[in-house]
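Quick notes on the structure that follows.
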Amino acid sequence: MPLHSMSLPLPPSNAPKAGDDRFRLAMTASNIGMAIVSTDGIWLEVNPALCAMLGYRVDELRGRHYSEVTHPDDLAISQHLVAALVSGALASVDEHKRYVHRDGSDVWVQLNVAVMRDEDGTAQYFISHMRDIRGEREAGMALSARAEERSAELDASHRQLQLFADAVAHDLRAPLRSIESFSALLHERAAERLNETDRDYLARIRAAASRMTGLLAALTELSHVTRTQMRIAPVDLSLLADWVGAELQDADPHHRAQISVQPGLQVEGDERLLKLMLNQLMHNAWKFTCERSAARHAAGQASAPSAPSADEPEPVRIEVFGERSGDRLVLSVRDQGTGFDMRYAHKLFEPFQRLHGPDQGGGHGLGLAIAWRIAERHRGQLRAHSQPDLGSTFTVELPVVSAGEDTPNA
Amino acid sequence: MHKEILLVEDNPDDVELTRLAFDEAKIANRLVVMGDGAEALDYLLREGTHADRAEGNPAVILLDLKLPKVNGLEVLKAVRGTAGLKSIPVVMLTSSQTESDVVQSYELGVNAYVVKPVEFKQFVTAIADLGVFWAVLNEPPPGSLRAARRYE
């Protein structure tokens, strides 16, 4: 039976009645602070636990107004709550509150107040419970301080790692330039004087240097993409995709591009980064489609109906489309290339992970990590779905331009 | 064609590649090389071991950022802060793409900031283009060796 609906007798300062003794015993023995408070706010009865909590003797607290030991910052709200209890606006109070210890320190308590009413419903007095929560608060604050510390440590170590990676990449450039340049010069000056094996060895040096160069460039890009300040503005993804498509065709006139881009793909983000991301995704699509068509050609398979002759490679089909979903645009880049084994999909976006060897068109394994990081900075997650030899689709959710802009065709 | 180009670079490989690049671009200007920032300043101020050098400033200073003793930014600051030197064109040639380095260099008054390419062909093109522009095409501020001779 909830306390506040009981009609209890008047406080024990009147002549004791049957049942009073048990209540008084309970109050005295309880190790939760308790007080019986008049509707004016006078502490009519206080128990030893409450006194110990506040550092006073029973006779020092009994008869005092609660405001005398209430923390000044909590005074106003206490008065408000008391008035609400009396008027019936509130049935009970369950709040954190600060009292002031005799020594001046703060005493945080969990305060529960119930109203005792007579048969007419008039408030007669309050029964208050005060549970000392100082220990809990300290523990809680220590915990959240520790969590903040840990988070700052993680941040710092992250930054340190990035700085280290940057420094290494930076310092590798000069020696790499030496290797790349002097092996190229050697080839220019001495190729005729070298025998076939010598030339082969020299070629391997140059190839390795070239791979390192690509890797270093990608590392620099990954670092840049992670650290650069984003400039958020409305971005026309359709335009960017068309642009990337044109660049892909220009770079590889041998293959015929069939790139379809859905018009009206508008998002909000950093244009340079989004172009970079599209670049990575569409470049991959192109690369693995060419790989597949080359593999089929090499295997002597009959060319697809769309290829006009057996010698001309199949056109490279890439689709870029989008669908609205709430306040985001789900962007997809689909190809009909080599595809990959979905069992390893979770490794796809990790730096340096490659699911295709160099013979299958695999690169340095950073391209998708870069795309993934850009997606993450736009608070979207890059996902991939594939079927080996049928193609892959990469999707990412991006924020849409705020109200007032045209929505893309669904 | 009497303008000097001052290259301040501590990496001997990069010095050799720069020479090669200038040769390939048929840039005939004399290339003066200083291996650290302190010596570069001695040369420019005609102090220390360079006290007897002929008067006149180089047509352009190609300055690396990371140098022993006195680094590139400090050299740039000194050049821009010295009355007789402050108008010499300075091109920062560096491996660093760090935004703060770029910003600082421009704030200190660098004329151009070029990141040294890793690939040889691109390096040669970049150096050659720089040489042709700053040492051949560009009209240097008065006080450069060529200008000094011209008005003699």
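Values reported hereafter were calculated over all heavy atoms of this structure, with side chains retained and with hydrogens, waters and symmetry mates removed. All chains are named by letter (A, B, ...) in the order of the sequence lines, taking the proteins before the strands, and each is independently numbered beginning at 1.
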Heavy-atom contact with chain B under 4.5 Å, split by part of A:Thr220: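 The side chain, not the backbone.
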
Against A:Arg177, only a single residue in B:Asn11, B:Asp14, B:Asp13 fulfils side-chain hydrogen bond (donor to acceptor under 3.5 Å, both in side chains); can you say which?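 Testing each of B:Asn11, B:Asp14, B:Asp13 against A:Arg177, the sole residue satisfying side-chain hydrogen bond (donor to acceptor under 3.5 Å, both in side chains) is B:Asp14.
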
Determine whether more than 12 heavy atoms belonging to other residues, nucleotides or ligands lie under 6.0 Å from atom [atom1] of [X].
X        : atom1 : value
A:Arg204 : CZ    : no
B:His50  : NE2   : yes
A:Arg227 : CZ    : yes
A:Tyr201 : OH    : no
A:Glu153 : CD    : yes

Is any side-chain heavy atom of B:Leu17 closer than 4.5 Å to a side-chain heavy atom of A:Leu185?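 Yes, their side chains come closer than 4.5 Å.
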
Does any non-hydrogen side-chain atom of B:Glu16 lie less than 4.5 Å from one of A:Phe182?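 SC-SC contact between A:Phe182 and B:Glu16 confirmed.
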
Measure distances from B:Lys66 to the heavy atoms of chain A and classify the residue's part below 4.5 Å as side chain, backbone, both or neither.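 Just the side chain, heavy atoms under 4.5 Å.
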
To the nearest 0.5 Å, tell me how far B:Phe120 CZ sits from A:Glu188 CD.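 Those atoms lie 6.5 Å apart.
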
